[in-house]
Amino acid sequence: ASQIVWRMLTVGAAVVILVGIGLRTIDAATITVACPGQSLQTALDGASDGDTITVSGTCIEDVDIIKSVTIVGPATISAPSADSAVEIAGSQTVELRDLTITGGRGTGGGIYVSTGGVDATLNNVVLTANVGTGGGGGLRLVPDSSVRMVGGAISANSAVLSGGGVWSRGNLTLIDIDIDGNTSSES
């Protein structure tokens, strides 16, 4: 991120001029989270756009991502309640890497991309044992959203309606993904 650095100049006793003298780059932070003792959601709440969160262990929580961040494992996100394990909202650019996402039970069980404008990359992410209470047990995308998934798996997910593994109205690219054992009550 960049910001303008301002200097204040005083000319005479009553005249103050603010002058923008250039740009200064602010480095993105790397935040470390060790679950279950620390909270991934707390780290996300304190993060800024462009930050990287490295996470390890098993995080027993569901997380809401509303910033442009990168989350890197190896780690497991295991949702403990009736909600999507991971929800991504807003016009964000998000990367998830080396994660297993399980236990979600919500509109999109594992990952729910709930607003248009999201551009997400999932590298070596496993979506398993999630339940979509509508459609999309493993992954659900709304219109005008984009997800590129490379490596990983979508397995053993289910949906009450359609899309046991995936329900997509957005732009979805799957490369080298193992898709197996997903079920839904509608075909």
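In this text, all values refer to a predicted model and were calculated from it rather than measured experimentally.
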Stepwise side-chain contact (heavy atoms from CB on, under 4.5 Å) check, V72 with T70: CA-CA 6 Å; V72 180; T70 299; 3.7 Å; yes

What are the two closest non-hydrogen atoms of [X] and [Y], and how far apart are they?
X	Y	value
V63	Q41	CA-OE1, 3.1 Å
A85	I77	O-CG2, 4.1 Å
G135	A159	CA-CB, 4.2 Å
I31	A43	CG2-CB, 4.0 Å
A28	G50	CB-O, 3.1 Å
G116	S91	O-OG, 4.2 Å

Contacts under 3.5 angstrom, residues 165-172 side chains, donor-acceptor by atom type, not counting sequence neighbours:
residue: S168; atom: OG; partner: G170; partner atom: N; Å: 3.2
residue: S168; atom: OG; partner: G170; partner atom: O; Å: 3.2

So, does [X] use its side chain to make a donor-acceptor pair with the main chain of [Y] at under 3.5 Å?
X	Y	result
T115	G90	yes
N130	T128	yes
S84	V86	no
T133	G106	yes
Q92	V118	no
D83	S81	no

V125 pairs by side-chain contact (heavy atoms from CB on, under 4.5 Å) with which of I71, I101, L139? I101

Any heavy-atom pair between the side chains of T58 and P36 that's under 4.5 Å?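 Sidechains of T58 and P36: no contact.
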
Side-chain heavy atoms under 4.5 angstrom apart, residues restricted to Ile, Leu, Val, Met, Phe, Trp, Tyr: same cluster for [X] and [Y]?
X	Y	answer
L96	L174	yes
V126	I177	no
I111	L161	no

Rounded distance [0.5 Å steps], [atom1] in [X] versus [atom2] in [Y]:
X	Y	atom1	atom2	answer
L99	T76	CG	OG1	8.0 Å
S184	N157	OG	CG	11.5 Å
L44	I53	CG	CD1	4.0 Å

Under the 4.5 Å side-chain heavy-atom rule for ILVMFWY, direct or indirect, which residues accompany [X]?
X	result
Y112	V142
V131	none
I175	V150

Sequence neighbours excluded - salt bridge (Lys or Arg N to Asp or Glu O under 4.0 Å) pairs with any residue from [range]:
range	answer
residues 58-68	none
residues 89-104	E95-R97
residues 134-149	none

Quick check: are there more than 12 heavy atoms from other residues, nucleotides or ligands sitting under 6.0 Å from CG of D180?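 Open: at most 12 neighbouring heavy atoms sit under 6.0 Å from CG of D180.
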
Could you go through D119 and V94, starting from their C-alpha distance and side-chain angles, then the distance that decides it, and tell me whether this counts as side-chain contact (heavy atoms from CB on, under 4.5 Å)? CA-CA 6 Å; D119 182 15; V94 173; over 6 Å; no

Show your working on side-chain contact (heavy atoms from CB on, under 4.5 Å) between T52 and V69 and close with a plain yes or no. CA-CA 6 Å; T52 297; V69 294; over 6 Å; no

Using the disulfide bond (SG atoms under 2.5 Å apart) rule, collect all pairs that involve [range], keeping only residues at least two apart or in two chains.
range	result
residues 76-159	none
residues 77-166	none
residues 57-127	C35-C59

With sequence neighbours excluded, residues passing side-chain hydrogen bond (donor to acceptor under 3.5 Å, both in side chains) with T32: T54

Under the side-chain hydrogen bond (donor to acceptor under 3.5 Å, both in side chains) test, which residues partner Q38, sequence neighbours left out? none

